[in-house]
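Okay, so here's the structure we're looking at.
Numbering starts at 1 and runs along the sequence shown. This one's a predicted model, so the numbers in the text were calculated from it and none came from an experiment.
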Amino acid sequence: MRGEKNTFSAIHPLLSLKILGATIKTGIIKSNLLAVVAGLSLSLYVNSVNPWNELWDIILALCGSSLIIGAAGAFNNLYDRDIDSLMERTKERPTVIGEVSFRSVLILGLLMTTVGLYALYIAKPLAALFGFLGLFFYVFPYTMWSKRRTIYNTEIGSISGAMPPLIGWTAVSTNITDPAILGLFAMTLIWQMPHFYSIAIRKEEEYRNAKVPMLPVIKGMRRTYKQTNFYLVLLIAASFLFLPVSPVLLGAALLLNICWLVLSILGHRKMDSKKWARTMFLYSLIHITGLFAFVTLFSIVGVFL
């Protein structure tokens, strides 16, 4: 098997699954697909749609989303080669160490963008629009502008990160004013600030060396703690958008969000900043995975009952 991988890499580096995966960030693709699936299943439930009648559109939405998210990762890797080379967790990326050429990754990203947007367009034109907006905000306002210039880069980048539920929802329904999708969108949007602040605290020195103006680097721990709690309060408030949909969804969202705020306050009193950040980061993963899993399971059960 090792000989086969070396042969493929010799033909072209992107034929190696390891190099390809690192280039398009398959881990981020997988995590974002959970959000797409949650939006899809919630749309099926709220709009009383039989999934078998929308099976083709569902497949197209999942494939198209994967390609768009992968393209965004490829473009980000290309542009951030200088920053990535200075950070421990990114310095071995194929685009940094020269395993793949700029031209190859650019062509790959453009191809994935074209095919991904076309797949989403066939499913629903509105899904393609949100796919395009997610890609656009990630590459231009976030990667190429705000990431290197302002402490609000996380807020700007969160717009892109909140598009996957909208893509999933609109693959089934074009009604984007329903409280169900507004609630899922708002929670996905707000979640990103406490999550990425915790990463920024843990990797503060790396961001400082790379001159990336993350909030803890520029404003310090006290400001980051206060701003984290501000967004956690907003997250609790956003839970009530689920009330018209189901008290069960409201209860699950409230529980996840209140526990996070309590953890933040109590943890900050008892832990040093690094340990607090690590705890907050781990809970953020439990929180978002639990939210998407619960929404998906609740919706699928509701569709078939």
Side-chain angles (χ1 to χ4, degrees), residues 12-14 16-33 35 65-114 116 131-164 189 191-193 195-219 224 277 281 284:
H12 197 288
L14 287 174
S16 163
L17 292 179
K18 181 180 179 181
I19 294 175
L20 177 63
T23 301
I24 64 175
K25 303 183 181 181
T26 50
I28 293 178
I29 294 175
K30 292 174 185 176
S31 60
N32 277 276
L33 278 182
S65 299
S66 299
L67 290 168
I68 292 297
I69 297 163
F75 291 138
N76 176 265
N77 273 341
L78 274 185
Y79 194 80
D80 277 351
R81 298 190 311 281
D82 57 334
I83 292 176
D84 288 345
S85 67
L86 301 173
M87 302 184 69
E88 191 65 31
R89 66 186 179 88
T90 58
K91 67 181 184 180
E92 296 297 325
R93 284 177 175 171
T95 45
V96 174
I97 62 178
E99 286 186 312
V100 289
S101 68
F102 183 97
R103 182 174 178 272
S104 296
V105 178
L106 180 61
I107 292 173
L108 175 66
L110 291 173
L111 182 62
M112 293 177 74
T113 298
T114 303
F132 170 77
L133 289 175
L135 178 65
F136 175 82
F137 272 98
Y138 189 72
V139 174
F140 295 101
Y142 173 64
T143 298
M144 298 181 70
W145 181 70
S146 66
K147 184 175 182 178
R148 300 168 186 245
R149 290 176 173 84
T150 172
I151 60 171
Y152 297 105
N153 54 30
T154 305
E155 282 80 355
I156 293 169
S158 70
I159 298 171
S160 173
M163 289 297 137
L189 182 78
W191 170 86
Q192 295 174 78
M193 271 62 80
H195 171 73
F196 285 107
Y197 290 165
S198 66
I199 295 176
I201 294 169
R202 294 170 62 219
K203 306 294 182 180
E204 182 179 351
E205 287 307 312
E206 292 187 33
Y207 282 114
R208 192 184 305 279
N209 292 337
K211 294 182 171 56
V212 178
M214 299 300 289
L215 184 65
V217 175
I218 305 301
K219 297 296 183 179
T224 305
F281 170 74
S284 71

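Contact check for Leu108 versus Ile24: side-chain heavy atoms found under the 4.5 Å cut-off. Side-chain contact between Pro141 and Phe136: present, with at least one pair of heavy atoms (C-beta onward) separated by less than 4.5 Å. At a threshold of 4.5 Å between non-hydrogen side-chain atoms, the residues Met87 and Tyr207 count as touching. Between Val96 and Thr90 there is no side-chain heavy-atom pair separated by less than 4.5 Å.
Not one N or O on the side chain of Glu88 forms a donor-acceptor pair closer than 3.5 Å with the backbone of Glu206. Judged purely by atom type and a 3.5 angstrom limit, Asn77 has no side-chain atom pairing as donor or acceptor with the backbone of Asp84. Arg208 contributes no side-chain N or O that, together with a main-chain N or O of Glu204, makes up a donor-acceptor pair within less than 3.5 Å.
Note that NZ of Lys147 is 8.0 Å distant from CG of Asn153, once rounded to the nearest 0.5 Å. With rounding to the nearest 0.5 Å, the separation of CG in Leu111 from OG1 in Thr113 is 8.5 Å. Within the model, atoms CG of Leu33 and CD1 of Ile28 stand 12.0 Å from one another, a figure rounded to the nearest 0.5 Å. Separating the CE atom in Met112 from the CD1 atom in Ile68 is a distance of 8.5 Å, to the nearest 0.5 Å. Atom CE of Met163 sits about 6.5 Å away from atom CZ of Phe137, to the nearest 0.5 Å. Rounded to the nearest 0.5 angstrom, Leu189 CG and Ser160 OG are separated by 11.0 Å.
Within the structure, every pair that satisfies the side-chain hydrogen bond (donor to acceptor under 3.5 Å, both in side chains) test and touches residues 18-33, not counting sequence neighbours, is listed here: Lys25-Asn76.
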*Arg81 and Phe102: CA distance, side-chain angles, deciding distance, side-chain contact (heavy atoms from CB on, under 4.5 Å) verdict*: CA-CA 10 Å; Arg81 298 190 311 281; Phe102 183 97; 3.3 Å; yes

*Please step through side-chain contact (heavy atoms from CB on, under 4.5 Å) for the pair Arg148 and Tyr79, ending with a clear verdict.*
CA-CA 11 Å; Arg148 300 168 186 245; Tyr79 194 80; 3.7 Å; yes

*asked:* If you apply the rule side-chain contact (heavy atoms from CB on, under 4.5 Å), what do you find for Phe75 with Leu106, and how did you get there?
replied: CA-CA 7 Å; Phe75 291 138; Leu106 180 61; 4.0 Å; yes

*asked:* Please evaluate residues Leu215 and Thr154 with respect to the criterion side-chain contact (heavy atoms from CB on, under 4.5 Å), reporting the C-alpha separation (whole Å), side-chain torsions for both, the decisive distance (0.1 Å), and the verdict.
replied: CA-CA 9 Å; Leu215 184 65; Thr154 305; over 6 Å; no

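Ring-plane geometry between Trp191 and His195 is classed as parallel, the angle between the planes falling under 30 degrees on a 0 to 90 degree scale with a further cut at 60.
We find that Asp80 and Arg93 are not joined by a salt bridge, their nearest charged nitrogen and carboxylate oxygen being 4.0 Å or further apart.
When all heavy atoms of Ala210 and Leu86 are compared, the closest pair comes out as CA-CD1, 3.9 Å. Here the closest heavy-atom approach between residue Gly157 and residue Tyr142 is recorded as CA-CD1, 3.7 Å. The shortest heavy-atom contact between Ala162 and Gln192 is N-NE2, 3.6 Å.
Listed by chain and residue number, nothing satisfies the salt bridge (charged side-chain N to carboxylate O under 4.0 Å, His left out) test with Glu92 (two or more places apart in sequence, or in another chain).
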